[in-house]
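All residue numbers in this chain count up from 1 along the given sequence. Every number for a ligand or one of its atoms is a count from 1 in the order of the listing. Predicted model only: the values in this text are computed from it and were never measured.
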Amino acid sequence: MKSRLVLALGLSLAALVPQIVSAETVWLDDLNLSAATQGWGEPHKNQSVDGKPLTIAGQSFARGFGTHAESKLHVNLNGGAQSFSASVGVDDDVNGSAASSVEFIVLGDGKELWKSGVLRAGNAAKACEVNLAGVKSLVLEVTAAGDGIDSDHADWANAKFETAAGKPEAVAGETPLAAVTPYILTPAAPATPRINGANVFGVRPGSPFLFTIPATGNRPMEFSAQDLPHGLKLDAATGRITGKLKKQGEFIVILGAKNALGTAEKKFRIVVGDQIALTPPMGWNSWNCFAGAVSAEHVKSAADAMVQSGLINHGWTYINVDDYWQNHRNSKDPTLHGEFRDAKGFIVPNARFPDMKGMADYIHNLGLKAGLYSSPGPWTCGGCAASWLHEEQDAQTYAKWGFDYLKYDWCSYGSIASGKITNAMNIPLYGKSATNDAGAIYPYAVMGKFLRDQKRDIVFSLCQYGMADVWNWGGSVYGNCWRTTGDITDTWRSMSGIGFKQDKCAPHAQPGNWNDPDMLVVGQVGWGHLHPSRLTVDEQYTHISLWCLLSAPLLIGCDMTKLDDFTLNLLENDEVIAIDQDELGKEATCVETNGDVRVYEKELADGGRALGFFNLGPASVDLQFNDLAKLGFTGSLNVRDLWRQKDVADVNAASGTLPLTIPAHGVVLYKLTAAK
Ligand code: GAL
C-alpha cells in the first residue's frame, strides 16, 4: 500500500514554482524481502521471524520486516529517495532471552548513516530516522552485537521510505566471487636446517615440560640446546625438550639443528612463571570438520597427519578434540549412550573414546599436545555431559589423563545463570544472567581456579562468544584465550564479518591472553559433511594473514588427512606464522580505510611492523600507497613480502610510494623494518 502526499499548489503559485514537489511513501514490507540474507529463519513481512505479530517491548506494529541477525537487506534507491524511518528492536517473541542482543545499522553507499547501539530483549523500540539525500544504495543490517546470533529476533517495524522520484527496490547483495585457481606463494623450505616457530615459551614451576623444536630441513637432523636449565633434557634425535623446572626464572637457550647440509641456531627464551601460552596456541580442532561424528581414531589420525605433513616443523602443536567425546543426553547414536559419570562423579567418555589417557599419550609421543572440550552448564552445546557442579573433578581428570588444553563453552549455563535450573549444591551464583557481568564471569572463574590447581599447564580457552566483553576480564580468571564472536563458517561474509571487527578487543591481547576470532576454515571443512572451504583462494590468503595480524590462536579446522598442496602451503609459511607468534604479543588494528582497502598494522618485537593491505571489494585494486609517513613511519624502510618471503623494495617513508595490486577479497602482507 502506498500513500501519496502531493503538495497541492494553486495555479497562481504553480506558475511561480518550476516543478511540483511530491513525496511518496514506500513501505519496506512492500519490497521483495526474500532478497535479504539472515542468520536464521526466513525474512517475514509484517511478522516477526517466528511468524508472530511484530511486537517490541509490548508495543505492536502492523507493518515491518521481521528478521534475524546477522541480517542484510540491500536496497537500490533508484534516485530521489529522501528519507528512511523505522522503529527497531528485539521482538518480544524471544521471551526475554538474555542471549538476545542486536545492533541495527543503516549503510548508505558503503558509509554508516545510523546505528542503534546494542538493543536487547525488552528494550523499547528505538526510532530510526535517516536522511537519504544523494544516497544511491542502502543496506539495512542487523548484527549480533558481538555475542553470537542466539535469540537475535530483530524487527524493522513501521519501516518506510519517503521518495520524490524512483521506487526503492530490494536487490540481491554481494554475490560470491568466482573461484580463483589455487596459486601457491609460500616458497619451499630449504633442505638446510631452519628453526621455526615462537622465540619464547612459558611454563609454570613444577609442570611437566614438553617442547618440540620446530625445524625444517632434510632428515636425519640432530638437535642441540645450549644452556638448557637444570631439570630439562633434550632428545637430540627428535628435538623434544622434556622435564620440569622447579623455580621461577628466565633462561636463554641456544637451540641448534644440524643435518648433512648445514646447521642452524636460534635464541630461545624459557620463562618459568605464572603465565603460559606466551604466544597464541597453534594446532588443530575437530569441530569444523567432524563436529558430532568425531572419534578417537579421527583425533589420532589428525596427530599423525600433523607430523607426516611436516606441519609440526612449523610450530603447530595442539591436537584438540571438541564436543562429543562424552555421552549424550538423548542421541539415537548408540556410541553416545552410556553413563555420564561414574559412581564417584568422575566423567565417563563415550564408546568412541575408550581410552582418553591412551589418546593423550599417543599425541604426546608424537611430540604434540592434547586438548579437549567441555561446558560450564550441565550439557555441552551438542547435548553431551558437561561440567556443572563437577568442575573440580573434571579439572583433575583432564590433568590425570594428560590434557594440555581445555576449550570451555557456555552452552546450557545460561539457564543456570538466569535461575531456571536450581542449584542443588548451592554454589553461589553472583549474577542472574549473562548480561550481568558477574554472572557471565563466575563459571569461568570456577574452572580457571581448578585448572590452576593442577600440577600441569592446561591452556584455558573460553568459548562464550565475547559476552560481557570477555576481553576485559578473561585474563583475570586465568583465561589464555577467549572467543570474541559467534561461530565462524566458511563464507566470505562470516570470515570477513568476524575478522574485520576485532579492533575493540585488540588492546587486551598480550602474552598469555589472546582474543580468539574462532578457528580456521581452510581445507576440507564441513561439520560432519566435508567439502572444500567455500572461501576463494584469495579469501583464504586474507583469512590466514588477518588471523596472524590479529595474534589469534590458530586452530586448523579441516580434515588433516586430506590436506591438499594449496592448504598445506597456506599453513606452513614461517614468515607469516612469525607475525602471529611474535613475542611482543600486540594485536593489529585497522589504521586506514581507503575505499575498499583496509590497512592493518601490527607492531613487532624486533621494532618492525607488519602491514596487511586487504581489499574487501569485489574487484582487484591497484593502489599507489604513499601514506607511510601518515602511519608514523620514518626514514628508509625495507619492505618484505611475507607470503613470497622476498624483499620487494627499500622505500623512504616521507616520499616513497608502495605500488600495490590487491586481488578481490585478497591481501598484500608486508613487513617493514628500518633499512640497514
Ligand atoms: C559451539 C562452539 C563451537 C563448538 C560447538 C560444539 O558453541 O562455538 O566452536 O565447540 O559449540 O558443540
Side-chain angles (χ1 to χ4, degrees), residues 39-40 69-70 97-99 144 146-152 281 283-295 298-299 302 318-331 333 336 349-350 352-353 371-388 403 405-417 434 440 443-444 447 459-468 470 474 479 481-491 494-495 497-499 514-522 525-529 547 552-558:
W40 185 83
E70 307 256 319
S97 164
D147 65 350
I149 65 168
D150 198 18
S151 302
D152 284 351
W284 173 85
N285 172 292
S286 60
W287 186 251
N288 290 354
C289 47
F290 301 123
V294 69
S295 68
H298 285 134
V299 177
Y318 290 93
I319 300 292
N320 297 350
V321 56
D322 204 278
D323 206 351
Y324 283 85
W325 61 266
Q326 318 88 329
N327 280 308
H328 197 276
R329 64 179 167 212
N330 57 6
S331 166
D333 182 340
L336 301 174
N350 65 42
R352 301 178 194 164
F353 291 86
L372 45 45
Y373 164 101
S374 189
S375 196
W379 308 107
T380 65
C381 293
C384 296
S387 297
W388 190 46
F403 279 84
Y405 191 113
L406 172 68
K407 171 175 171 184
Y408 204 46
D409 215 308
W410 168 262
C411 279
S412 81
Y413 189 82
S415 317
I416 294 168
Y444 298 97
M447 186 51 103
V459 171
F460 188 28
S461 160
L462 279 52
C463 177
Q464 44 79 291
Y465 331 114
M467 285 185 301
V470 60
C481 36
W482 42 78
R483 281 268 296 278
T484 56
T485 75
D487 287 16
I488 197 169
T489 186
D490 57 324
T491 61
S494 168
M495 185 275 288
I498 290 174
W514 310 105
N515 294 304
D516 176 3
D518 206 1
M519 300 176 287
L520 302 175
V521 280
V522 300
V525 291
W527 298 268
H529 307 279
W547 262 235
L554 299 178
L555 289 168
I556 303 170
C558 68

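Relative ring orientation between Tyr444 and Phe460 is described as tilted, the plane-to-plane angle lying within the 30° to 60° band.
The distance from ligand 1 to the heavy atoms of Asp323 drops below 4.0 Å at these ligand atoms: 6 (C), 12 (O). Listed by atom number, the atoms of ligand 1 under 4.0 Å from Lys407 heavy atoms are 3 (C), 4 (C), 9 (O), 10 (O). Of all atoms in ligand 1, numbered sequentially from 1 with element shown, those under 4.0 Å from a heavy atom of Tyr373 are 6 (C), 10 (O), 11 (O), 12 (O). Listed by number with element, the atoms of ligand 1 under 4.0 angstrom from any heavy atom of Gly382 are 12 (O). Atoms of ligand 1 lying under 4.0 Å from at least one heavy atom of Cys463, given by number and element, are 2 (C), 8 (O).
At a heavy-atom cutoff of 4.0 Å, ligand 1 is contacted by the side chain of Tyr465 but not by its backbone. Under 4.0 angstrom from ligand 1, there are no non-hydrogen atoms of Ala291.
Trp482 and Asn515 form a side-chain donor-acceptor contact under 3.5 Å, judged by distance and modelled atom types alone. Of the N and O atoms on the side chains of Asn327 and Asn350, not one donor lies less than 3.5 Å from an acceptor on the other residue.
Heavy atoms of Asp409 approach ligand 1 to within less than 4.0 angstrom.
Sulfur-sulfur distance for Cys411 and Cys381: below 2.5 Å, consistent with a disulfide.
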For this session: Under the salt bridge (charged side-chain N to carboxylate O under 4.0 Å, His left out) rule, what do Arg352 and Asp333 come out as? Steps first, then yes or no, please.
Result: CA-CA 11 Å; Arg352 301 178 194 164; Asp333 182 340; 2.9 Å; yes
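A donor-acceptor distance shorter than 3.5 angstrom exists from the side chain of Asp323 to the backbone of Gly382, with no hydrogens or angles considered.
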